Amino acid sequence: MPAPYVELHSHSNFSFLDGGSHPYELAMRAAELEMPALAITDRGGVYGAVRHLQACRKLGVKPIIGASLEVDGEELILIARNLRGYSNLCRLLTLAHADQPKGDARTTLDTVAEHRGELFYLSPTDREQRMRELQGALGKENVFSELHHHRRPEDEWVLEGRAAMARRCGAGVAATNEVHYHVAERRRLHDVLVAIRHRATLDEARAHLLPNSEHHLKGGADLRPHFHGHAEALATPWEIAQECDVDLDFRKVRFPGYPVPAGETPFSFLYKLCFEGVRDRYRPITPAVAQRLQRELEVIEKTGLAEFFLINWDLMRFAREHGVPGQGRGSAADSIVAYVLGITRVDPIEHNLLFERFLHEEMTSTPDIDIDFSTEHREQVIQYIYEKYGWERTGMVCNIVTFQPRMAIRQVGKALGFSAELLDRLAKGVDRWFTEDVEDSMTGAVPPPDMRPQSWQQFLELCREVIEFPRHLSIHNGGMLVTGEPLVDIAPVEPATMEGRRVVQFNKDDVEDLGLIKMDMLGLRTLSVVAEALELIKDTTGTRPDLDQLPLNDPAVFEMCGEADTIGVFQIESRAQMQTLPRTRPKTFNDLVVEVAIIRPGPIQGNAVHPYIRRKQGREEVTYAHPLLEPILKDTLGVILYQEQIIEIAMYVAGMKPGRADGFRRAMTRHLNRVEMSSLEDEFIGGCLANEVPREVADQLFAAVQGFAVYGFCRSHAAAFARTSYETAWMKLHHPVEFGCGLLNNQPMGFYHPSVLVEDLKRHGLKALPVDINLSDIRCLPEALPEVAPGQFPATAGTRGIQRDMYPASAGTRGGSGSASATPQLAGGPPFGSRPLPRLPTESSVLTESTLPVKARYAMRIGLNYVRDLGEEGRKAIVEDRDRGGPYLSFDDFINRMRGGPIGPRAVRNLVMVGAFDALGQPRRELLWGWQERWHGKGLRRGIDKQSELRLNGTAPSLPDVDDFDANQLEYRISDLSTGHHLIHFCRDRLAAMGALESNKLPAIANNKQVRVAGLVITRQAPSTAKKIRFFTLEDEFGQVNVTIKPDVYDRYRQVANRQPILIIDGVMQRQDGVHSVLASHIQALEGAPRPAQRSHDYR
Amino acid sequence: MTRLITPAAAIDVVLGPGGAPESISGVLNGSIDPIARWKVETSWWTKPVVREYWKVVLNSNLLCELYHDVASNDWFVERVYD
């Protein structure tokens, strides 16, 4: 019986754009062929190695780890014999990527020789001299001549020639099939990927395509006919494979040493820090606290994780010392050790958090500490880690960018030779929020009439196949690897596009599976918002609130949340949250924790949200599918809301041990393929049945867990987030102007466009003041209202920018001159202009200190950061110049002082047209007359002498003023928001004539009544859990309207709904539990409406 | 010298027990000895071409290239070396 054949040269789709199959597909095919071993040898890397390892092990195929590398211009396959060989491979791959264009890896034989050892090498060279060089450099016994046969014309004699050459050199021969896909049918996709790689159509890329589909995984029986007389070549790969044993388990080397004071061990030092910290956090220290701390420290000692905690403690210490806002979240918030060390801010005792979710004795993976830092400061923290642990031991985790529907359509279509116009139409027609099936996403897309149906079918099939295929390597936003051994011995490292950054070839899942420590440091803009708002509150009130001391029980905060007045509030501002809050009416911090956890795809898909709400309102009985579930789900009224509950279900219902239960939870939280999911299901159901749980209950439970698992929060994570939700809600309620400034200054972030935030502020009776050349700072800032006498409030001194009283008394008001010139009107509508812009308070409307609430003493002055094209340099230049030389007295004064500075003509025009100079008295259009000549400092155009016909008159002709509507349009266009009227204000008469109701009239409309609503679209959503139902939010000058659009209605009006900024929607009022929305039946755009830039935020 | 026959000329083929061609008739006639074979699969995105090529010696003295068009199951002679 011949020796089994094993494949030692195979490219998965992690040979980016050169592999047509996933690692698990290759492994499955190998198992089907009864291949005892399979190598993965991707180009320039081991990106797919972990997946390969896991897939092979599950299928009983021995995994072999290797890579394909370009050495002196020729391909060389390297196979790792053991961990030392693997480390050599990693070093080589690292060197091969250094100093190369991104994604390329090439090196020389000398370099390969420097890192030889415990590696096998397969070379397809035909040159005897080269073979002898390889043998000399790498060891004769390690180098094999690679023989192929792909049924090409020359293969027969090339094979014979190469075999003869190998004999002359005394080299072993090893047959491979240079595999690029697992089955022949995938050849098409491989061709397409090659074409994409060459940025060409298939026709143009012909020369680069393989000539047939013989590069699939084959068994010995298929290959034997082509290797007559070379039986040993087919046997050698198995001989090689038997000598290989690489187990990628780096648990022993995962920590860098943490330097502790003399006389201490890492554990004793941790112990000391904990007992110092507990005194700060708990007063008094109760027995429960002491016992919990002791228990956790025992587990930490047993699992050897003291250094892990010290590393994170040190990081947070650095952050605090340098004023970097940060907080730990994730399951770390379950830990009292993390709490007393200052890594997290949630008290696990008070919030009943499960330590075992974070850490337990049987834990085989590393625990997870994610830390959010303010986006602005995160880089500082990353640099600190690089410096503290050394560049050799630190690197960023990679992120594999995969094909998604729009990219698939464009790139596959281009390869097939489809026209750019067609592809543009198809790609744009795909919902930005894709559904599971790309074909579904293109519903309604019609192929051109002259296209062969077969071509269209091929296109759809290829798009479907390529979804989730790796496209290229990118950097994970905040995942950083810190290792005990040099990183390059553990994983190859490549230069990232970002200067000074190195990225490892493993992603976050791989890193976890390898037992390595990953620090997740994400930039959370909300923390930047909070930090900035706190500083502004200090400016306006004299005191900087200490959020750590903030009691979490202000009823007014919960009242505001219950009213869904949460635009801008962290985690609870989305449409879905705003529709849930009035129903759940959170009254305590724990209620807020549930609120944060509940509006995720997890609970929604797991069918938990509505039952929870009904049960919270007492409208439904709390029931449990099985008695074993009661103790687990009691806190959440019988519904699965937390990841911790999955662990408990796996343990107490499916009978898994704690370690396995956590592994189950982890596996369920990943995006698994069908095969992997089915295996988990069998395990779970089997365990339930053994516990005498009825089959249908077990099935139901697995479905609920499956739906939940990928996106559900862990309770501690929800608690940590809820803390920030509460704090931002508190700030919004008590310091809305400062908070609003923080939000506007840290965009893009959050659920809403900045214009929506400004409208929300105005609806709360507060003022947003437009850009002013003398009063606006670089950023949006609170500005004391003029009727408040300077000096009466401590903060006026602290408010940056120029005080209003520097303006001459004759300075006009903003925008239109208020003249009786023709009032513009929208096409077909009645004239308007009878509604003046909101004016700043005049002397006759002074509010005294005693009558004015604190928060109304300030308005938000829009900063120069909201002037298009001005740029950071331009903003700074203006403010610094003003600080030096005093306020600008005129537009010409500005021009003269800023000439030669970093402000371009477009920015100057924008400043004028947004009204920045309005307070100086001259109409905008007049200012712009001939300004560029003055900007250049010459009466004539530069370089042209005395061309009198070009000389401009000294005085501008009479030009039409910018009226209210124009000013509004200009402000939207230049600042992307409006401090004056809402855009819809200008359409109101027309909308009223069409019967569209104002948003504030809708609460009075009864359930099921027909209604017409209209507004600016501010969000479009198509959550994947919503079965293709879309949710839009419209905004008018009075508020917002939620609209629900069913698939058939959406399909009918898709183009209008997706593209038009102002919509008029007919539908039926749906009202429940104080929440209302309109179920749409007809959608139209407002004809002739002004067209602001799209400001809708669109979401899955 | 090699001569490409354009368009390739259709022939009839008798196959041996192993599936290899044994003799041909049509524009060329006689018994054949196959000496090489290869497979070409291309242009699947427009007009698929799937051909099994055979390099054969006809009547012990003429080297030719034949191909079997898999889709139509027809045989053709494409090239002679004379």
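Throughout, protein chains are lettered first and strands after them, A, B, ... in sequence-line order, and every chain is numbered starting at 1. Nothing here was measured: the structure is a model prediction, and the numbers come from that model. In what follows, every heavy atom counts, from backbone to side chain, and hydrogens, waters and symmetry copies are set aside.
Remark: A/T201 engages A/D203, A/E204 in a side chain to side chain contact (heavy atoms under 4.5 Å, CB included) (not counting sequence neighbours).
A/D191 and B/W45 are not linked by any side-chain donor-acceptor pair at a separation below 3.5 angstrom, with hydrogens and angles left out of the test. Using a 3.5 Å distance cut-off with no hydrogens or angles, the side chains of A/H22 and A/E468 do not pair a donor with an acceptor. Inspection of the A/H228 and A/H226 side chains reveals no N or O donor paired with an N or O acceptor under 3.5 Å.
Heavy atoms of A/R152 lying under 4.5 Å from chain B belong exclusively to its backbone. The contact between A/P153 and chain B is made by backbone and side chain atoms together, counting heavy-atom distances below 4.5 Å. In this structure, chain B has heavy atoms under 4.5 Å from both the backbone and the side chain of A/S213.
Within residues 58-77 of chain B, no residue has a heavy atom under 4.5 Å from a heavy atom of chain A.
In summary, the aromatic rings of A/H182 and A/H216 are positioned with their centroids too far apart to meet the 6.0 Å limit. The aromatic ring centroids of A/F16 and A/H472 lie 6.0 Å or more from each other.
Electrostatic pairing of A/E156 and B/R37 does not count as a salt bridge here, judged by no charged N lying under 4.0 Å from a carboxylate O.
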